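Beneath this line is the structure, given in structure tokens, with notes to follow.
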Amino acid sequence: MFVDSHCHLDRLSEHTHGGDVAATLDAARQANVSQFLAISTTLEELPGLAAIAREHHDVAISAGLHPLYQAAHEPSVDEIVDAAEQYGAVAIGETGLDYHYQESVPLSVQHERFKRHLMAASELELPVIIHTREAKEDTLALLREYSNPQVGGVIHCFTEGLEMAREAVRLGFYISLSGIITFRNAASLRTLARQLPLDRLLIETDSPYLAPVPHRGKPNEPAWVVEVAECIARERGISVDEVAMQTTVNFYHLFRAAAPDAPAHVKEALAQSGLVV
């Protein structure tokens with residue numbers, strides 16, 4: 001059983017099962033993907049995400065404002081908290097820093113937005129979903145100052161080096177690997193997948209973006225998170241079942257608000273590891 005820990009179900013391409021969310025989720029379920037975390041990039045899209053979650057018991061949602069979104073209004077900590085509570089989010093984000101496209105949103109705005117999300121996550125005791133690109137030192141500095149290590153979070157679609165990954169783990173964060181790990185030029189990520197503890201890894205698609213090999217060039221979909229797990233299994237020399245089970249347990253350890261909906265055998269594994277749901 002697999003979990004897609006980061007997907008954008010409200011942005012499906014018309015080429016992905018005709019843009020039909022239900023059909024896309026059914027295809028993933030047939031591939032043994034049994035839980036989905038639909039990620040918010042603006043607070044305005046939360047009603048739509050919440051509607052998807054109401055229709056599908058295996059979909060949870062986050063609440064946040066992407067670092068590159070050009071917002072007419074910057075939400076306060078209270079507004080982020082209120083939105084997360086109103087729509088039943090299990091996490092805050094995605095948030096973070098992106099210096100690759102820094103001309104779209106000034107760095108000062110990105111920093112303040114990131115701080116407010118970290119503060120909201122700490123107040124709600126919800127994990128935070130981090131987007132970081134070419135901003136390693138500043139991302140880690142803000143996590144050290146504003147994140148709650150007892151709650152933690154995840155650096156999603158990780159593309160940085162092993163040193164940053166290890167420091168993020170030390171700060172209470174998980175590392176999520178996407179289809180990028182299957183790309184020919186991603187040898188360093190495959191090395192990282194071998195060296196990080198399996199109990200700190202998550203898997204994701206970031207669909208409809210970043211389709212893994214052998215689907216590159218197509219709109220990504222949650223069913224293909226299996227290819228990410230298979231790549232990690234090959235690199236570590238273990239079974240894909242072991243990767244699936246451990247990353248699933250990791251997901252529910254982190255996103256505890258989603259744990260009551262976990263399948264029975266996952267709840268048993270969670271109980272054995274000390275998490276009662």
Side-chain angles (χ1 to χ4, degrees), residues 1-64 66 69 83-94 126 129 154 156-157 176-179 182 202-230 240 244-245 247-248 250-252 254-267 277:
M1 191 190 75
F2 305 88
V3 169
D4 186 354
S5 68
H6 193 111
C7 53
H8 298 279
L9 295 178
D10 56 346
R11 298 191 174 192
L12 294 176
S13 164
E14 62 181 11
H15 301 294
T16 306
H17 303 277
D20 186 325
V21 172
T24 299
L25 293 175
D26 282 342
R29 293 173 188 129
Q30 290 173 22
N32 293 323
V33 185
S34 61
Q35 178 72 57
F36 312 85
L37 182 52
I39 304 300
S40 164
T41 56
T42 74
L43 297 183
E44 289 77 14
E45 68 195 26
L46 276 173
L49 287 177
I52 293 172
R54 284 195 299 272
E55 293 175 10
H56 303 279
H57 73 280
D58 48 7
V59 174
I61 68 171
S62 70
H66 192 283
Y69 181 72
E85 291 183 324
Q86 179 179 353
Y87 293 105
V90 303
I92 299 297
E94 62 184 285
L126 289 178
I129 299 165
V154 56
H156 102 93
C157 195
S176 183
L177 298 174
S178 70
T182 69
L202 297 178
I203 54 176
E204 65 169 274
T205 60
D206 202 16
S207 57
Y209 315 109
L210 302 173
V213 174
H215 308 289
R216 288 202 69 179
K218 301 176 182 177
N220 203 358
E221 56 181 283
W224 296 343
V225 75
V226 176
E227 271 83 356
V228 180
E230 289 174 343
V240 69
M245 189 61 184
T247 55
T248 296
N250 295 346
F251 175 87
Y252 289 113
L254 179 59
F255 301 106
R256 296 191 179 195
D261 293 325
H265 71 288
V266 175
K267 288 183 179 180
V277 296

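Nothing here was measured: the structure is a model prediction, and the numbers come from that model.
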Plane angle bin for H6 and H8 - parallel if under 30°, tilted between 30 and 60°, otherwise perpendicular
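It falls in the perpendicular class, over 60°.
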Reported [atom1]-to-[atom2] distance for the pair [X] and [Y], which is rounded to 0.5 angstrom:
X: D10; Y: T42; atom1: CG; atom2: OG1; value: 8.0 Å
X: C7; Y: W224; atom1: SG; atom2: CH2; value: 13.5 Å
X: Y69; Y: E45; atom1: OH; atom2: CD; value: 8.5 Å
X: N250; Y: M245; atom1: CG; atom2: CE; value: 10.5 Å

Going by heavy atoms in the side chains, are [X] and [Y] under 4.5 Å from each other?
X: P222; Y: T24; value: yes
X: T41; Y: E94; value: yes
X: F255; Y: V154; value: yes
X: S13; Y: E221; value: no
X: V21; Y: L12; value: yes
X: V33; Y: V226; value: yes
X: L9; Y: L25; value: yes

Nearest non-hydrogen partners of [X] and [Y], listed with the distance:
X: L126; Y: A89; answer: CD1-O, 3.7 Å
X: L46; Y: A83; answer: CD1-CB, 3.8 Å
X: S5; Y: I203; answer: OG-O, 2.8 Å
X: G179; Y: V228; answer: N-CG2, 3.6 Å
X: P47; Y: L43; answer: CD-O, 4.0 Å
X: Y252; Y: A258; answer: CE2-O, 3.5 Å

Would a distance-only check, ignoring hydrogens and angles, find a side-chain to backbone donor-acceptor pair under 3.5 Å from [X] to [Y]?
X: E204; Y: C157; answer: yes
X: N220; Y: Y209; answer: yes
X: Q35; Y: D58; answer: yes
X: S62; Y: G93; answer: yes
X: D4; Y: V225; answer: no

Not counting sequence neighbours, list each pair that qualifies as a ring pair (Phe, Tyr, Trp, His ring centres under 6.0 Å) and has a residue in residues 12-52.
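Qualifying pairs, neighbours excluded: none.
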Contacts table for residues 48-57: side-chain donor-acceptor under 3.5 angstrom, sequence neighbours left out:
residue, atom, partner, partner atom, Å
H56, ND1, R29, NH2, 3.3

